[in-house]
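Structure, as structure tokens:
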Amino acid sequence: MARQYWLMKSEPAEASVDHVLALPNSTIAWFGVRNFQARNYMRDKMRVGDGVLFYHSSCPEPGIAGLAEITSEAYADASQFDPKSKYYDAKATKAAPRWVNVDVQVARKIPLVSLTALRAHKGLEEMLVLKRGNRLSITPVAPEHWKIITEELVAGGAPVNGSEGAEVTEIAVAAEAVKAAKDTGAGSKRKRGGASSEQKRGTRGAAPAEEETRDKDDLDQEVNQTADHAGDQAPASKAKRVRAAPRRGAGKATPTDQTDAKAGAAAVGAAEEAEQGTVGRRRARAA
């Protein structure tokens, strides 16, 4: 009989992938199913070796958290007989049990494949878990859906059998090699002087510092040229007035300047008196 595949939901607060991995043989009795359709899948359809998508539900981020395998045929769920259990069923008897378990062994934990990712991925539109109104905790998974999920959505994943796991690993390695080649090519382009998109955006938006400096220097040169041109056209008298403009502080006499001015005035006066005396003596001799 061909291998079958199932999606089985578990609340991580009660039984998560990590919890099951910590159990002996990473195996749990899948207990607590109280829906007749889900029970019929377990009792009548499941076979040892079937593949399982271990799905976390009723949690902040639901999705596929692990890959697992059915490791037993169906057998009576003991919780239906326990009055203290929330799964107790008064109508169930050991002679005629109403609910069953199967053993599920987790093969490996995977990076969560969220419900959103399942909905968005091409080729999974017909998965029962994505159908409106479906609330079953166990649903069959078509082989093509299993293949898409384990080979395209499980990052570096390995399904429960070795051949498919090797194929997925090869795909993951090839994808990493392509990514590395692209990164290397991009680095080489940058080293050759190719402008990155960030640099191009910077050139269009806020100019680099050296461009700002160059623009300021160009503006100063234009102002100076304009000023020089205006000076060439200005009248000479105006140009002289501009050149003769005193420096700041010019015209204010310092104490030394005042002393020198007084001494100079006294010397001029003495010279004038001496000249007048000489002129008077010459007139007297001439008379």
Side-chain angles (χ1 to χ4, degrees), residues 1-17 19-21 23 25-107 112-116 118-119 124-150 159-160:
M1 181 178 292
R3 191 182 190 212
Q4 303 173 106
Y5 305 99
W6 307 92
L7 184 144
M8 303 179 74
K9 295 181 179 179
S10 176
E11 297 180 14
E14 190 164 12
S16 68
V17 168
H19 170 76
V20 177
L21 284 172
L23 296 175
N25 297 320
S26 301
T27 301
I28 189 170
W30 204 268
F31 63 93
V33 173
R34 295 297 181 266
N35 174 277
F36 286 106
Q37 181 63 56
R39 180 205 65 184
N40 291 345
Y41 285 142
M42 297 172 72
R43 186 188 66 190
D44 304 330
K45 300 293 184 181
M46 287 185 179
R47 300 290 181 268
V48 173
D50 285 356
V52 174
L53 300 175
F54 195 120
Y55 187 98
H56 285 174
S57 66
S58 301
C59 57
E61 190 173 8
I64 302 168
L67 299 173
E69 184 176 291
I70 303 298
T71 57
S72 77
E73 301 290 343
Y75 58 95
D77 181 352
S79 65
Q80 65 189 311
F81 310 126
D82 183 1
K84 297 180 181 180
S85 172
K86 65 178 180 179
Y87 299 112
Y88 174 68
D89 186 342
K91 295 181 179 180
T93 65
K94 292 187 178 181
R98 291 162 58 89
W99 310 107
V100 297
N101 298 336
V102 293
D103 289 344
V104 176
Q105 182 180 45
V106 173
L112 187 75
V113 179
S114 69
L115 182 61
T116 302
L118 293 173
R119 291 189 187 282
L124 299 179
E125 296 83 3
E126 298 303 315
M127 276 193 77
L128 292 179
V129 72
L130 303 180
K131 294 295 185 181
R132 185 181 298 275
N134 177 68
R135 299 184 63 82
L136 288 175
S137 63
I138 297 175
T139 53
V141 174
E144 59 269 25
H145 296 158
W146 174 271
K147 183 178 178 68
I148 289 173
I149 291 169
T150 57
V160 290

### Task
Using a cut-off of 6.0 Å, state whether more than 12 heavy atoms not belonging to Asn134 lie near its atom CG.
yes
### Interatomic distance, Ser137 atom OG to Gln37 atom CD [nearest 0.5 angstrom]
10.5 Å
### Message
For a quick test of reading the model, state the closest non-hydrogen atom pair linking Gln105 to Asn25 and the distance between them.
### Response
NE2-O, 2.9 Å
### Query
Which of these passes side-chain contact (heavy atoms from CB on, under 4.5 Å) with Met127: Ile148, Thr139, Ile149?
Ile149
### Task
Kindly indicate whether the side chain of Asp82, heavy atoms from C-beta on, has any atom under 4.5 Å from the side chain of Tyr87.
no
### Message
Please report the interatomic distance OH(Tyr5) to CD(Glu69), rounded to the nearest 0.5 Å.
### Response
10.5 Å
### Message
Assess, by modelled atom type and distance only, whether the side chains of Asp103 and Tyr75 contain a donor and an acceptor separated by less than 3.5 Å.
### Response
yes
### Task
Taking all non-hydrogen atoms of both residues into account, name the closest pair between Phe81 and Pro97 and its distance.
CZ-CB, 4.0 Å
## Note on the structure
Smallest heavy-atom separation, Gln4 atom then Arg47 atom, equals NE2-CG, 3.9 Å
### Query
To the nearest 0.5 Å, how far apart are CZ in Arg98 and CZ in Arg43?
11.0 Å
### Task
Give, for atom CD1 of Ile64 and atom CG of Leu118, the distance between the pair rounded to the nearest 0.5 Å.
4.5 Å
### Message
I'd like to know if the side chain of Arg3 reaches the main chain of Gly49, judged simply by a donor and an acceptor atom lying under 3.5 Å from each other, with no hydrogens or angles considered.
### Response
yes
### Query
Within the side chain of His56, is there an N or O that forms a donor-acceptor pair under 3.5 Å with the backbone of Val17?
yes
### Task
Before giving the answer on side-chain contact (heavy atoms from CB on, under 4.5 Å), spell out for Leu7 and His145 the whole-Å C-alpha distance, their side-chain angles and the decisive distance to 0.1 Å.
CA-CA 11 Å; Leu7 184 144; His145 296 158; over 6 Å; no
### Task
State, without any angle test, whether Ser79 and Arg34 hold a side-chain donor-acceptor pair at a distance under 3.5 Å.
yes
### Near-ring test Phe36/Trp99, centroid separation under 6.0 angstrom
yes
### Minimum heavy-atom distance between Ala76 and Asn101, given as atom pair plus value
O-ND2, 3.9 Å
### Message
A side-chain contact here means heavy atoms from C-beta on lying under 4.5 Å apart; do Leu67 and Leu53 qualify?
### Response
yes
## Note on the structure
Only one of Ile70, Asp77, Val100 passes side-chain contact (heavy atoms from CB on, under 4.5 Å) with Met42, and that residue is Val100
### Message
Measuring only between side-chain heavy atoms, which start at C-beta, is Glu11 closer than 4.5 Å to Ser57?
### Response
yes
### Query
Side chains of Asn40 and Lys45: closer than 4.5 Å at any heavy-atom pair?
no
### Query
To the nearest 0.5 Å, what is the distance between OG1 (Thr27) and CG (Leu21)?
10.0 Å
#### Entry: Atom pair NZ (Lys91) and OG1 (Thr93), whose distance is rounded to the nearest 0.5 Å
12.5 Å
### Query
What are the two closest non-hydrogen atoms of Leu130 and Leu124, and how far apart are they?
CD1-O, 3.2 Å
### Message
Minimum heavy-atom separation for Leu136 and Tyr41, please, with both atom names.
### Response
CD1-CE1, 4.3 Å
